[in-house]
Amino acid sequence: MNFSEVFKQSNQLCKVSPDGKYLATCVQYRLVVRDVITLQILNLYTCLDQISHMEWSSDSQFILCAMYKRGLVQVWSLEQPDWHCKIDEGSIGLVASRWSPDGRHILNTTEFHLRITVWSLCTKAVSYIKNPKACHKGIDFSRDGCYMALAERRDCKDYVCVFVCDDWHLLRHFETETQDLVGLEWSPNGCVLAVWDSCLEYKVLLYSLDGRLLFTYSAYEWSLGVKSVAWSPSSQFLAIGSYDEKVRILNHITWKKIAQFEHPAVITTTKVVVYKEMEKRSAAGNEELSLHNLTMDSTLFGNQSKYEILPSPVQMPVVRPDPDRPNPKIGVSTLAFSSDSRYLATKNDNIASVIWVWNMEKMSLEAVLEQMSAVRCFQWDPRCPRLAICTGNTNIYLWTPTGCVSVQVPSDDGGFQVHSLMWHCHGDPLILLGKDQLCLCYINTGNEDK
Amino acid sequence: MGQLDQSPLPLHRKSQMFTNFCTEHNVPECVTHINQELLSLGLPPVWAQSGSSTDVNIVLVLNCMYDLLQLHRRDLQTVENMEMEQLKSSNNVDSLQLTITRLKEQLEVAKRENTGLHERERQLQLKVKTLQNGLKNDKEEIHKLQNIVSSRASQYNHETKRKEREFNKLKERLNQLLVDKKEKRLAIDVSNKLERTDGRRSLWKTEKTQAKHEGEMYKTLLKDYESRQRDLLLENAELRKVLKQMKNEMMGILTSRRSTDKGDKQDNGTLEVDSDVEEGIDSCQESVEPFSIQTREKLTNSVGRQWRRLKNHMERLDSRDYSEDIDNGPQETSNEMDKLRLVVRQCKDYIQEQQHLLQQKLGAYCVESSMLSDCHMFQEKDSLRDEWKNLEDQKKNFERERRNFTEAAIRLSQERKTFEEDRAMWLKQQILNLSPFADSKKPQRSKSQCAFQISETESSRALLPERSSTSPTLGHAPSVASSTSDLLHTLSFICENSSTKPKKSEDTGDTSFLAAKHKWWISGGDHSNLALSWEHGSI
C-alpha cells in the first residue's frame with residue numbers, strides 16, 4: 001500500500017473526473033486540476049470568491065465552481081483554459097448548483113427555493129422551474145441521464161415532476177400521497193422512482209416511470225419512520241433504514257418485504273464474524289530507536305491498531321440518545337450496497353462505532369466491525385466487494401469477505417486525521433480527505449500485504 | 001330357712017354352701033326346695049312326693065347331680081366362649097377407635113388445607129381482577145394518548161399548512177420583487193457557446209417531440225419488463241428441469257427397489273399412469289411457455305406422489321434393515337467407518353504438517369507493519385551494500401593492477417627505449433665503423449651484429465611476451481636488418497615502436513613520453529649528436 005504526499009484542500013471539495021483521469025481540488029478560491037496517476041498539476045484556475053461547491057461535467061471537460069455567498073457560478077474548461085463562463089444569479093441568491101447529465105446545462109437553486117434556473121451553455125437560454133421543494137433530496141437524475149425527477153410543493157401538497165433532460169420537456173406531473181416528501185431516488189435501471197415521507201410518518205411510495213403508483217409501503221405507524229433509503233445497483237432490492245433500528249428489504253417484483261435486518265445490542269449467532277479494533281501496543285525494545293526511524297514514520301508514537309475476532313456472544317456499545325431532543329441519534333442512518341449487490345453495509349446511530357455487513361445472497365448478517373471511535377464515513381470499492389471505513393483518526397480500515405485490515409496513514413507531522421474518503425471510479429486509488437488536507441492511497445501496488 | 005343366695009357361687013365355696021343349706025332338721029324342706037329348683041330348671045325331680053318315705057332315690061339324685069354337672073359344664077363353656085367373644089369385640093372396638101381418631105385428625109388437616117387453598121384462590125382472583133382492571137386502564141390510556149397524538153398531529157399539520165401558505169405568499173412576494181427588478185448586467189457571460197455533446201442541434205418543442213419522448217419512455221419501461229420476464233422464464237425453466245430430474249431419479253430408485261421387493265404390486269399400475277402424464281409434460285418441456293394450471297398441478301402432484309412413495313419405501317427399508325441385517329450391516333459399516341477414520345486421521349496429520357510449515361514460513365514475514373518490512377529492506381540493503389563494497393574493492397584492485405601493468409609497460413618501454421638508444425648508438429658506432437676505415441672493426445661488427453641480432457632477438461623476445469601481456473594485438477618482432485636501409489628502417493621503426501605504445505596506457509602518459517622522447521631527440525643525448533655528426537661526416 002502506497003500513500004502519496006499530502007496536498008491542501010478546503011471545504012472537503014475534491015472530486016475525480018467521471019473518466020477517471022483527473023483529480024480536481026479546491027484550495028480556498030483556487031481550483032487545482034491534477035493528473036490522477038502522476039499527481040502533476042495540469043491546470044490552475046482562480047475563482048472570484050471562496051468556492052462552496054465544485055462538480056465535474058459528465059464528459060469530464062468542464063468543471064463548475066459555485067460560490068454561494070456571492071451568488072456566482074463559474075465554469076472552467078479543461079481543454080481550453082482561456083474559455084470562461086460566469087453565471088451571476090444576482091440578488092436572488094444561490095443555494096445549490098449542479099450540472100445536468102448532458103454536461104451542457106446548469107441548474108441553480110435560488111435562495112428560499114424560490115425557483116430553479118436552468119442555464120444552457122449552448123444557447124445561453126434560460127428556463128425556470130417554479131416551486132421546487134426544499135427538502136433533503138428534492139432532485140434526482142436517472143442513471144442513464146435521460147430523466148430528472150423533481151419534488152414540487154404547491155398548495156400544501158407534494159407533487160413529482162418528471163422532465164426529459166434533452167429539452168426539459170415536462171413528461172409527467174403527478175401528486176404523491178405523502179404528508180411531507182423528504183426524498184426521491186430513481187432505481188438504477190431508471191424505471192422506478194422511490195419517494196419517501198418525512199420521519200413523522202413511515203411511508204415509501206414506488207412510482208413507475210410513467211407516473212403510475214406501483215406500491216405503497218408502510219411498516220408501522222406513529223413512531224419515527226424512514227431514516228435512509230438505498231437501491232441495490234442491480235435494482236433488485238430497495239433497502240429502507242428506519243428509526244426503529246431495522247432495515248427492511250423490498251424486492252422489485254412484488255415490492256413486498258422479503259427480509260428484515262435487526263441491529264440488536266447483543267449478537268448471539270456463531271455464524272457472524274465480529275471484528276473488534278484493539279490498540280496495538282508495540283514493544284519499544286524490539287525496534288531501533290534511531291533518529292532515522294523516528295523521522296521517517298511516527299508509527300512508534302501513533303496509535304496503531306489491529307483487529308481481533310471476538311467469540312460470541314458479543315455485547316455492542318449502545319448509546320441511548322436523549323428522547324427529548326429532535327433528530328435523535330437512533331436508527332439506521334447510512335446504507336450502502338456493494339457494487340455487485342452482494343453485500344449491504346449499515347450503520348445504526350445508537351451503536352455508532354459499529355458497521356454491520358449483511359450478505360444479500362443469504363439475507364443474513366455476515367460480519368460486524370467494531371471500531372474504537374464513531375464511524376464517520378464508509379464506502380464500497382466500485383470494482384470489487386471491498387469496504388473502506390474511516391473514523392476520524394489516522395487509520396483507514398478495509399474489509400473484504402476474506403478478512404479486514406487496519407492501516408495507518410503515514411504523515412510527516414504525525415496527524416493526518418481522515419474525515420472522509422472516496423474511491424476512484426476504477427477502484428484504485430482511495431482518496432482520503434482530512435480537515436484541510438488530502439492524500440491518495442494506492443492499494444494495489446504489486447505485492448499486496450494483508 | 002334363711003335367705004339363700006341364688007347366684008352361682010364359685011366352686012371353692014361349695015363346702016360352705018352345703019353346710020349352710022342343709023342340716024339334719026330341714027331335710028324335707030331342703031328336698032322340696034331342691035325339687036322345686038330342679039323343676040324350674042327343667043330337670044326331673046329328685047324325690048317323688050309319696051309322703052311316706054323320706055328316703056331319697058339315690059339314682060335319681062345322681063342323675064340329677066350328673067345333669068346339673070353337665071349343665072354347669074355347658075354353662076362354663078358358654079361363659080368361656082362369651083368371654084372370648086367379649087375380648088375380641090373389645091379389641092375391635094379399640095382398633096376402631098384408633099382409626100376413628102386417625103381419620104378425625106386427617107379430616108382436620110384436610111379441612112385446614114382446604115380453607116388455605118380457598119384463601120389463596122380468593123387472593124389470586126383478586127389479583128387477576130386488579131390486573132384486568134389495570135390492563136383496561138392502560139388500554140384506555142393508550143387509546144386516549146393515541147387520540148391525543150392524532151389530534152395533535154392533525155393540529156400540527158393544520159398549523160404547518162397555514163405557515164406554509166404564509167411562506168408561499170412571502171416567496172411569491174419576494175419573487176415578484178426580485179424578478180421585476182430589472183438587472184442591467186448579463187446574468188450569464190460565456191466566452192463562446194458550446195456544442196451539444198451529441199453534436200446535433202436542439203429541436204423545437206412540438207407535439208412530435210412530446211410524442212417521441214412518451215414513446216421513448218414507454219420503450220424503456222417495456223424493455224425493463226421484457227428483460228425481467230425473460231429472466232423469470234429462464235429461472236422457471238431451470239426449476240422445472242430440476243424438478244423433472246428429481247422426479248426421474250426418484251422413479252429410478254423406486255423401480256430398482258421394486259425389482260428386489262416382492263410386494264407393492266399395486267404400485268405398478270399407478271407407475272404407468274404417471275409415465276403417461278410425464279410424457280405429456282415432456283412434450284412441452286422444450287418450450288419455455290408457462291404451463292397451464294392443469295399441467296402445473298399434474299406435475300406437482302406426480303412429484304408429490306413419487307416423493308411419498310420414496311418416503312414409504314425408505315421407512316420400510318429402515319425397519320427391515322434393522323431387523324434382518326443386524327449382523328452384516330454393523331460390520332460393514334464399522335469397517336467403512338474404520339477406513340474413513342483412518343483417512344480422516346491421515347488428512348488431519350497432513351493438514352497439521354502443512355500448517356506447521358506455513359507458520360514457519362509466515363513467521364518470517366507475518367506482521368503487516370511497515371517497520372518490520374523496512375527492517376527486512378534494511379537487511380537486504382546492507383547485504384547489497386557489502387557486496388557492492390566488495391565489488392568496488394575488486395574494481396579498485398583491478399584498476400591498481402592495471403595501473404601497475406601500465407607503469408610496468410611504460411617502464412619497460414622506457415628501458416627498451418634506452419636500450420634501443422644504446423643500440424642505436426652502438427649501431428651508429430658500427431656505421432661509423434662501417435666507414436672505409438672500419439676493417440678492423442668488421443669482425444667486431446659482425447660479432448656485434450650478431451650480438452646485436454642476438455640482443456635484438458633477445459630484446460624482441462623479451463619484449464614480445466611483455467607486449468603480449470599488455471596488448472595482445474600489437475607485437476610483431478621488429479625485423480632484423482644488416483644493411484643501412486634496414487638499419488635506418490629499424491631506427492625509424494624504433495621511433496615508431498617507441499611511439500606506438502600498448503593500447504591500454506593512458507594517453508597523457510603517451511604524450512608525455514613522446515614529448516620526453518622528442519626532447520631527448522632534440523636536446524641532449526649523444527645519439528642526436530652522433531647522428532648529426534654522422535650526417536656531417538657523410539657529407
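By convention in this document, chain letters (A, B, ...) are assigned in the order of the sequence lines, proteins followed by strands, and residues within each chain are numbered from 1. Because the structure is predicted, anything quoted here is derived from the model rather than measured.
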Item to check | Donor-acceptor side-chain pairing of B/Q354 and B/Y350 below 3.5 angstrom | outcome: yes
Checklist outcome for this item: If one checks every heavy atom of B/L170 against chain A at 4.5 Å, the contacting part turns out to be neither
Next on the checklist: Given heavy-atom pairs under 4.5 angstrom as the criterion, report whether the side chain, backbone, both or neither of A/S120 touches chain B.
Outcome noted: backbone
Item to check | Between A/S305 and A/N395: side-chain donor-acceptor atoms closer than 3.5 Å | outcome: yes
Checklist entry - Is there a donor in the side chain of A/H169 and an acceptor in the side chain of A/D166, or the other way round, less than 3.5 Å apart? => result no
Next on the checklist: At a 4.5 Å cut-off on heavy atoms, which part of A/R154 comes close to chain B: side chain, backbone, both, or neither?
Outcome noted: neither
Item to check | Taking every non-hydrogen atom, the tightest pair across A/G211 and A/F174 | outcome: CA-CE2, 3.6 Å
Item to check | Lys/Arg-Asp/Glu bridge criterion (N-O < 4.0 Å) met for B/R162, B/E159 | outcome: yes
Checklist entry - With a 4.5 angstrom heavy-atom cut-off, which part of B/S227 approaches chain A: side chain, backbone, both or neither? => result neither
Item to check | Note, B/E214 side chain near A/R172 side chain (heavy atom, < 4.5 Å) | outcome: yes
Item to check | Heavy-atom proximity to chain B below 4.5 Å, by part of A/Q179 | outcome: side chain
Checklist entry - Considering only heavy atoms, which portion of A/W119 lies under 4.5 Å from any heavy atom of chain B: side chain, backbone, both, or neither? => result side chain
Checklist entry - At a heavy-atom separation under 4.5 Å, does A/D210 approach chain B through its side chain, its backbone, both, or neither? => result both
Checklist outcome for this item: Closest non-hydrogen atoms of A/P101 and A/G145, given as atom of the first, atom of the second and distance, are CB-CA, 3.5 Å
Checklist entry - Under a 4.5 Å heavy-atom cut-off, does chain B meet the side chain of A/I253, its backbone, both or neither? => result both
Checklist entry - Between A/T110, A/D82, A/L200, A/V164, which has the largest tally of heavy atom pairs under 4.5 Å with chain B? => result A/V164
